Structure formats: structure tokens, C-alpha cells
Amino acid sequence: MSQELWAAVEDYIDGLLVKPDPVLDAVRAASDGAGLPTIAVTPNLGKFLYLLARIQGAQRILEIGTLGGYSTIWLARALRAGGKLVTLEADAKHAEVARANFARAELAGTIDLRLGRALETLPLLEREGGGPFDLIFIDADKENNAAYFTWAIRLARRGSVIVVDNVIREGEVADAGTTDPRVLGVRRLNELLAQEPRVEATTLQTVDSKGYDGFTLALVAG
Ligand code: SAH
Ligand code: DHB
Ligand code: MG
């Protein structure tokens, strides 16, 4: 089984369940056109995040890692009326492209993009009483996954949902001998999850046009 087949199945699913959306298409085109890496979530994962936020009835969402704002827009569209989304991005060019995309999606008033390294902007967010967030999506530098997860718990409430992207990395996550710092970041996150009594979590493997990867879903239960 190949990535070609996974991509064909993704197209088939999207063709029926994730209808063409001129705004999201323009957002992808603008991000690609500006030379951003093509690593945004797939459309069907974007819709999954949207559905999770809908199920959660989210009014406040936090995202770590904006890129061009593709996943951000999916999540923001799920907010209840008057809801807000805060998204954290370290790269000024990504932030500029994302802000233009939020305007394009008519979500500039709903999405608050904070430029800076997340480990620096998260304490500011806490100090200003930014939480609690109903849903937190972690999708930035994988080396800091465990630190971001600790911050997510801190900015959450009982019943909050935390999603972490890219936690399988072509299966390398299960290689105890890995030296890839991004994979080691995911393994540290898993060790944290294994001994963190406040959350219940599971991880799903995914195959699609981006290859073989997966995501972790956690509920702040305690
Ligand atoms: N969530 C996006 C993809 C994010 S890609 C989507 O699916 O559409 C990861 C992003 O995290 C990149 O834009 C990268 O610049 C950003 N990033 C990397 N290190 C960061 C850090 N320390 N703080 C905040 N953002 C960071
Ligand atoms: C990478 C980052 C992502 O967030 C993603 O979804 C895919 C790949 C990366 O840095 O390679
Ligand atoms: Mg990702």
C-alpha cells in the first residue's frame, strides 16, 4: 500500500464529505504561493478538528503553531457565537500570511494571532488570564511537545480537549533508539501522558496524502 493510494482515498473522501470551499482553497493557495511549507493538516483532518470543536461546544480555542492559518480557520469556524481563538506562531512571515488569510475568511475579529516563540507567549497568555480553553491544538515544533502539553493542561479546565498533531512520524515513534529530536519530543510527550493522572489519552495512526502519521487526543478528566 502506497501514499498514492492513501492520497486517492483522501480525494475520494473529501469529494463526498469535505465539500470544496473557495475560502479554504484560497487560503491554501496563498500559503503555497508565499512559499510556506506544505504541512498544514489535510482537509479531512481539518474537518475532524472542526467537528471536535463543535462537539465540545467550544467558545475558547488555543492553537500552538499557525503556519498559514489553515487549521486555525477550520477551528475558528466551529466556535460558538462570540467565541475566540488564540493562535501562537514564531515565524513573522507565516504570521503575516496567516493574518491575510484570516481577513480573507472574515475571521480577523475572531482570531488573535500572537507572534513569538510559544514558550515565551504562553506565560504572557496565562498572566493576562487568557484561559481556560475548551480545546487546545498543539502543532508547532515537535521538540517542545511535552512542554506545550504541560502548558495546555495549565490553560485548560476539567473537560477540555487537547489534540497533538504528528505523533507517529512514519512509525519512528516506536523506535526506542531514535535520535531524531522531533521524534524524541513525541516520545517525551508519551512518557508524560503515561504518568499524568489529570488526562486520559489515546493516539490514532493516520495514512493520507501527507504519508503515515497520527494524532493524540486527550481529555482533561481530573
Ligand atoms: N497548524 C498548522 C500547521 C502548523 S506547522 C496547520 O495545520 O495549518 C508548524 C508551525 O509552528 C510553523 O508555522 C512554525 O513556524 C511554527 N513554530 C515552530 N516553532 C515554534 C515556536 N517555538 N513557537 C511558535 N510557533 C512555532
Ligand atoms: C511537519 C510539521 C507538521 O506540523 C506536519 O503536520 C507535518 C510535518 C514537519 O515539521 O515536518
Ligand atoms: Mg502538523
Side-chain angles (χ1 to χ4, degrees), residues 3 6 10 18 21 23-32 34-50 52-53 61-78 85-102 104-105 107 111-125 135-152 162-170 172-173 180-186 189 203-217:
Q3 191 161 328
W6 304 337
E10 180 182 318
V18 191
D21 183 299
V23 170
L24 286 172
D25 291 349
V27 162
R28 264 191 193 276
S31 302
D32 294 351
L36 269 51
T38 54
I39 55 175
V41 293
T42 54
N44 51 310
L45 183 55
K47 187 162 183 188
F48 179 85
L49 293 171
Y50 161 87
L52 257 188
I61 296 175
L62 173 64
E63 176 180 69
I64 307 178
T66 317
L67 193 63
Y70 181 78
S71 57
T72 323
I73 290 169
W74 270 111
L75 285 165
R77 284 178 171 182
L85 185 152
V86 178
T87 185
L88 310 181
E89 174 56 54
D91 185 298
K93 183 181 171 191
H94 297 182
E96 185 189 333
V97 172
R99 285 198 173 113
N101 282 333
F102 301 152
R104 193 173 268 118
L107 287 166
I111 300 170
D112 176 4
L113 188 156
R114 308 280 177 97
L115 178 61
R117 292 154 58 88
L119 287 179
E120 287 163 22
T121 51
L122 284 162
L124 301 177
L125 194 56
L135 188 151
I136 298 150
F137 179 47
I138 301 173
D139 190 21
D141 49 322
K142 315 309 174 192
E143 293 85 343
N144 284 317
N145 266 340
Y148 294 150
F149 198 90
T150 301
W151 270 107
I162 304 171
V163 180
V164 189
D165 196 24
N166 313 116
V167 296
I168 299 295
R169 312 296 307 202
E170 299 186 311
E172 204 180 325
V173 71
D180 182 331
R182 294 176 302 178
V183 179
L184 287 167
V186 178
L189 168 66
T203 292
L204 293 186
Q205 307 180 64
T206 57
V207 289
D208 55 37
S209 59
K210 287 175 72 183
Y212 170 35
D213 211 326
F215 62 88
T216 292
L217 178 66

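This one's a predicted model, so the numbers in the text were calculated from it and none came from an experiment. One-based numbering along the sequence shown. Indexing begins at 1, ligand by ligand and atom by atom, following the structure's order.
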Closest to atom 4 (O) of ligand 2 by heavy-atom distance, out of Leu67, Asp213, Asp139, Asp141, is Asp139
Inset, instruction - For ligand 1, find out whether one of its N or O atoms is nearer than 3.5 Å to an N or O atom of Leu67. - result: yes
Within the 4.0 Å heavy-atom cut-off, what Thr66 brings close to ligand 1 is backbone
Quick note on ligand 2: atoms under 4.0 Å from a heavy atom of Arg182 include exactly 9 (C), 10 (O), 11 (O)
Numbered in order shown, the ligand 2 atoms found under 4.0 Å of a heavy atom of Lys210 are 5 (C), 6 (O), 7 (C)
Ligand 1 atoms nearer than 4.0 angstrom to some heavy atom of Ile39 are 5 (S)
Quick look: His94 vs ligand 1, heavy-atom contacts under 4.0 Å, and the answer is side chain
Between Arg182 and Asp180 (salt bridge meaning N to carboxylate O under 4.0 Å), is one present in this structure?
yes
Within 4.0 Å of some non-hydrogen atom of Arg169, the atoms of ligand 2 are 9 (C), 11 (O)
Row for the Mg ion (ligand 3): angle OD1 (Asn166) to OD2 (Asp165), 10° precision, value 90°
- prompt: Hey, are the side chains of Leu45 and Thr206 touching, using non-hydrogen atoms and a 4.5 Å cut-off?
  reply: no
the protein heavy atom lying closest to atom 15 (O) of ligand 1 turns out to be Glu89 OE2, 2.6 Å
Side chains of Thr42 and Glu10 in contact at under 4.5 Å (non-hydrogen atoms): yes
Would Ser71 and Glu63 count as a side-chain hydrogen bond (donor to acceptor under 3.5 Å, both in side chains) if you check the C-alpha gap in whole Å, the side-chain angles of each, and the deciding distance to 0.1 Å? CA-CA 9 Å; Ser71 57; Glu63 176 180 69; 2.6 Å; yes
Checklist entry - Can you tell if the side chain of Ile168 reaches within under 4.5 Å of the side chain of Phe215, non-hydrogen atoms only? => result no
Residue pairs passing the salt bridge (Lys or Arg N to Asp or Glu O under 4.0 Å) test with at least one member in residues 37-50, sequence neighbours excluded, are none
Worksheet entry | Within-4.5 Å side-chain heavy-atom neighbours: Ile138 and Val163 | no
Between the CG atom in Asn144 and the CH2 atom in Trp151, the distance rounded to the nearest 0.5 Å is 12.5 Å
Atoms of ligand 1 under 4.0 Å from any heavy atom of Arg117, numbered from 1 in the order shown, are 23 (N)
Of Ala118, Ala90, Ala40, the residue with the heavy atom nearest atom 26 (C) of ligand 1 is Ala90
### Message
Quick test of your reading of the model: are Asp91 and Arg117 salt-bridged, counting only N-O distances below 4.0 Å?
### Response
no
Among N, O or S atoms, Asp139 approaches the Mg ion (ligand 3) most closely through OD1
Checklist line | Heteroatom proximity flag, Gly65 to ligand 1, N/O under 3.5 Å | finding: yes
Using a strict cut-off of less than 4.0 Å between a Lys/Arg side-chain nitrogen and an Asp/Glu carboxylate oxygen, indicate whether Arg169 and Glu172 qualify as a salt bridge. no
Would you say ligand 1 has an N or O under 3.5 Å from any N or O of Val41?
yes
- [ ] Check whether any side-chain heavy atom of Asn145 sits under 4.5 Å from a side-chain heavy atom of Asn166, and report yes or no.
- [x] no
Checking heavy-atom distances from atom 8 (O) of ligand 1 to each of Gly69, Ala92, Ser71, the winner is Ser71
| task | Examine Arg28 relative to Tyr70 and say whether NZ or CZ is less than 6.0 Å from the centre of the six-membered ring and inside a 45° cone about the ring axis. | result | yes
Review point. Quick one: does Gly116 get a heavy atom under 4.0 Å from ligand 1?
Key: yes
Note: Asp165, heavy atoms under 4.0 Å from ligand 2, region reported as side chain
Logged contact type for Ile39 with ligand 2, heavy-atom cut-off 4.0 Å, is both
request  = Evaluate the side-chain proximity of Gln3 to Asp208: yes if any heavy-atom separation is below 4.5 Å, no if none is.
outcome  = no
Atom 7 (C) of ligand 2 has as its nearest protein heavy atom Asn166 ND2, 3.5 Å
Restricting to heavy atoms, the pick from Ile138, Asp141, Asp139 nearest atom 9 (C) of ligand 1 would be Asp139
*For ligand 1, find out whether one of its N or O atoms is nearer than 3.5 Å to an N or O atom of Asp91.*
no
From the list Thr216, Thr203, Val173, side chain to side chain contact (heavy atoms under 4.5 Å, CB included) partner of Val186 resolves to Val173
Quick look: Tyr148 vs ligand 1, heavy-atom contacts under 4.0 Å, and the answer is side chain
